[in-house]
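To start, the structure under review is shown below, and the notes come after it.
Heavy-atom basis, side chains included; hydrogens, waters and symmetry copies ignored. A, B, ... follow the sequence lines: proteins, then strands. Residue 1 opens every chain.
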Amino acid sequence: MDHHDEDDAHLSSQIVEEEDLLFDDGPSEQPSLDETTGNADIDKITAQHSDIDETLRVRLAGPSTSKVNYHALQRLFTFIEFLINYYFPIQAGMDSVDKAKVNEIIYEVSKGSSFFENERKKDNAVTGRINALLSKYERIKNDVLSEEFIIVDNMIEELEDERDLNQCIVHIDMDAFYASVEELDQPHLKTVPMVSFAFQAVGGIGMLCTSNYEARKFGVRSAMPGYIALKLCPQLKIVPLNFSKYREASAKVRSVFEQYDPHYCPMSLDEAYLNITEHLKTTNKSPPEVVVEIRDKIFKETLLTASAGIAANKMLAKMCTDVNKPNGQFYLKSELADIQEFINPLSIRKIPGVGRVTERVLNALNVNTCKDIYPQRAMLYKLLSDISFKFLLRAHLGIGSTSVDSEYVRKSISVERTFRSLSSRTDLYFKLKDIAQKLAKDLESKNLCGKTLGLKIKLTSFEVRTRAKTLPGNIYKQEDLEKYASQLLEKELPVSLRLMGIRLSSLCSRDEIDQKGVKRVGICTIF
DNA sequence: AAGCGAAGGACCC
DNA sequence: TGCCAGGGTCCTTCGTGC
């Protein structure tokens, strides 16, 4: 019916509804021990408490020399950070959890697995990146950088021109959406730890997609493998996913959004941005009053609660949603002073787009909160790429996009599947055929074809490889997908895989091409 | 010199 | 027993070829 329906196909494929917070602070944050402890073997950490305590005492005593070895300091820092996370992790929604025990269990269960080893490898790579940055930093840290300060300050002036304080943007996020929908149908689930699952690719109960608040008390979260969740909470009630129900609930929620902003932008089944500037002109209500009204309507329609953030742009609105979650909202006035006051104390991790890795990198450069960006701006300008630096600067200034619209242009389409480890040629090609078939079906339903074909494989070791080939013309048929993907796979053999995927990009509508797969170009576009 | 394709990652939901 | 998804976007780096 309305333009939003077209998005449903891609949005409904979204499985995980929440951020994967737990594992961020788990064993993937592998420490690299400093020279005194020899190597980076995490297994020794629990076994060497006395050594660790010694190191910890040294660290807590502060730097005793004026000459700082940043290389060693970084390793030490990572290590201490790991220790703190390991024993006292800060995790949202886990106030009543025995955090140490949770991480202990996760660590014990994951230890030694291929996944774990791969995470360790990735983490070491990040540490290498950080060390490279730090040695660059070492070279410039005593420079005055007056030129850079001037450049950056000019940049800030330019960015200020982008600032638009005249829009009222709302970010709305449903609370524990899938779990809450399940609780509507089965009220007894409200009082017990419960999760929904999907992906039984490799047997067992697969990956969790949502958890209710009871389950979170045990440290159980979405995007956690089921067997770990059961270790954390043996009485965990597991229910199957029921997408049609979530879509139904989502449609009701969206009908409310529609009333306040016909161009609202859905980000997933349970999340959307609205621009209520126009709506505000039709009422005497203040922005927060309007949002209360929206959330009330959502509740009346669905019996589900939502949280919201109200601010001058999308970035700020999203950050505001976090403040009073669940079932709450936060209004950030569109005044420069209020925005600065709000942004400054926040951890850089709260910036949408700053994840686990970027946080580590920035922390290593002494940037922990958004406030820290400003005094370090000249150094950051020298160390980071132009794009990354401007991204950070915008975040610090609280400048973000105010464009809310539901237009969505797909750039790529793909299908990937995980399975039990496979290595025989026959098995591999059989899987490839299956995946090509699924992709061909999706292409059919969306009337798309594309020119660049990509193969993705994940080895049994969890190493991921992607191979791509841009073809002379557009393809969409299963046989073609299979043919070109096979050529790419052939070069990788022999391998033992746990995942295969095919992606098609450089897309265009099938209506726009002739029989040879060549895109038709309108004559008038040439002249 | 600019542009593009390919490969690898970070991040988001 | 057995051991961590899938669908996207965007950025960075590198290499080749006009």
5' precedence on DNA chain C between A/Ile387 and A/Val409 (nearest-nucleotide basis): A/Val409
Distance check needed: C/dG6 C1' versus A/Leu208 CG, whole Å only. 15 Å
Does B/dC12 have OP1 or OP2 sitting under 4.0 Å from an N or O in the side chain of A/Ser268? no
CD1 of A/Ile351 versus C1' of B/dC12: gap in Å, rounded? 15 Å
If the threshold is 4.0 Å, N to carboxylate O, is there a salt bridge linking A/Glu444 and A/Lys441? no
Just how far, in rounded Å, is C1' of B/dC13 from CD1 of A/Ile172? 17 Å
Per-nucleotide protein contact along nucleotides 13-18 of chain C, 5' to 3', at a 4.0 Å heavy-atom cut-off (B base, S sugar-phosphate only, - neither), is ------
Using a strict threshold of under 4.0 Å (side-chain N to carboxylate O), is an ion pair present between A/Lys245 and A/Glu182? yes
Those residues at least two apart in sequence (or on a different chain) that pass side-chain contact (heavy atoms from CB on, under 4.5 Å) with A/Glu158 are none
Between C/dC4 (C1') and A/Glu117 (CD): distance, integer Å: 14 Å
Looking at residues at least two apart in the chain, or sitting in another chain, which of them share a side-chain contact (heavy atoms from CB on, under 4.5 Å) with A/Ala395? A/Met315, A/Ile351
With sequence neighbours excluded, residues passing ring-ring contact (aromatic ring centres under 6.0 Å, His included) with A/Phe257: A/Tyr264
DNA chain C: 5'-proximal contact among A/Glu416 and A/Asp386 (nearest heavy atom): A/Glu416
Tell me, which pairs form a ring-ring contact (aromatic ring centres under 6.0 Å, His included) where one or both residues lie in residues 443-462 of chain A, sequence neighbours left out? A/Phe115-A/Phe462
Please enumerate all residues that pass ring-ring contact (aromatic ring centres under 6.0 Å, His included) together with A/Phe342, with sequence neighbours excluded. A/Phe330
Side chain of A/Ser110, base of C/dC4: donor and acceptor closer than 3.5 Å? yes
Hey, are A/Lys382 and A/Glu148 close enough for a salt bridge, meaning a charged N less than 4.0 Å from a carboxylate O? yes
When you check the gap from the basic side-chain N to the acidic O, do A/Lys458 and A/Glu416 get nearer than 4.0 Å? no
Checking all strands, does A/Val415 fall into the base, sugar-phosphate, or nothing category for heavy-atom contacts under 4.0 angstrom? sugar-phosphate
Quiz: residues 486-493 of chain A side-chain donor-acceptor pairs under 3.5 angstrom, not counting sequence neighbours:
unit_1, atom_1, unit_2, atom_2, d
A/Ser486, OG, A/Glu482, O, 2.6
A/Glu490, OE1, A/Arg425, NH2, 2.9
A/Glu490, OE1, A/Tyr429, OH, 2.4
A/Glu490, OE2, A/Arg425, NH2, 2.8
A/Glu492, OE1, A/Arg465, NH1, 3.1
A/Glu492, OE2, A/Arg467, NE, 2.8

Selected nucleotide, minimal atom distance to A/Ser388 side chain, candidates C/dT9, C/dC11, B/dC13: C/dC11
Would you tell me if any nitrogen or oxygen in the side chain of A/Lys411 comes within less than 4.0 Å of OP1 or OP2 on C/dG8? no
Is the distance from OP1 or OP2 of C/dT9 to the nearest side-chain N or O of A/Arg410 less than 4.0 Å? no
Can you give one letter per nucleotide of nucleotides 2-11 of chain B, 5' to 3': B if a protein heavy atom sits under 4.0 Å from the base, S if only from the sugar-phosphate, - if neither? ---SSSS-SS
With rounding to the closest Å, how many angstrom separate the C1' atoms on C/dG15 and B/dA2? 14 Å
Please classify the nucleic acid contact of A/Lys438 as base, sugar-phosphate, or nothing, using heavy-atom distances under 4.0 Å. nothing
Measure OH/A/Tyr107 against C1'/C/dC3 and give the value in whole Å, please. 15 Å
Using the side-chain heavy atoms of A/Pro225, tell me which of these nucleotides is nearest: C/dG8, C/dC4, C/dG6. C/dC4
Ignoring backbone atoms, establish whether A/Tyr408 has a side-chain N or O less than 4.0 Å from OP1 or OP2 of C/dG8. no
Distance check: side-chain N/O of A/Lys458 vs OP1/OP2 of C/dA5, anything under 4.0 Å? yes
Please give, in whole Å, the distance from C/dC11 P to A/Leu392 CG? 14 Å
Of the candidates C/dT9, C/dC4, C/dG7, the side chain of A/Arg417 sits closest to C/dG7
Residues passing the side-chain contact (heavy atoms from CB on, under 4.5 Å) test with A/Val126, sequence neighbours excluded, are A/Ile130, A/Val357, A/Arg360
What is the distance, rounded to the nearest whole Å, between atom CD1 of A/Ile502 and atom P of C/dG6? 14 Å
What's the closest nucleotide to the A/Glu271 side chain, out of B/dC13, C/dG8, C/dG6? B/dC13
Whole Å only: how far is the CG atom of A/Asp173 from the P atom of B/dC13? 8 Å
N/O (side chain, A/Lys456) to phosphate O (OP1/OP2, C/dA5) under 4.0 Å: no
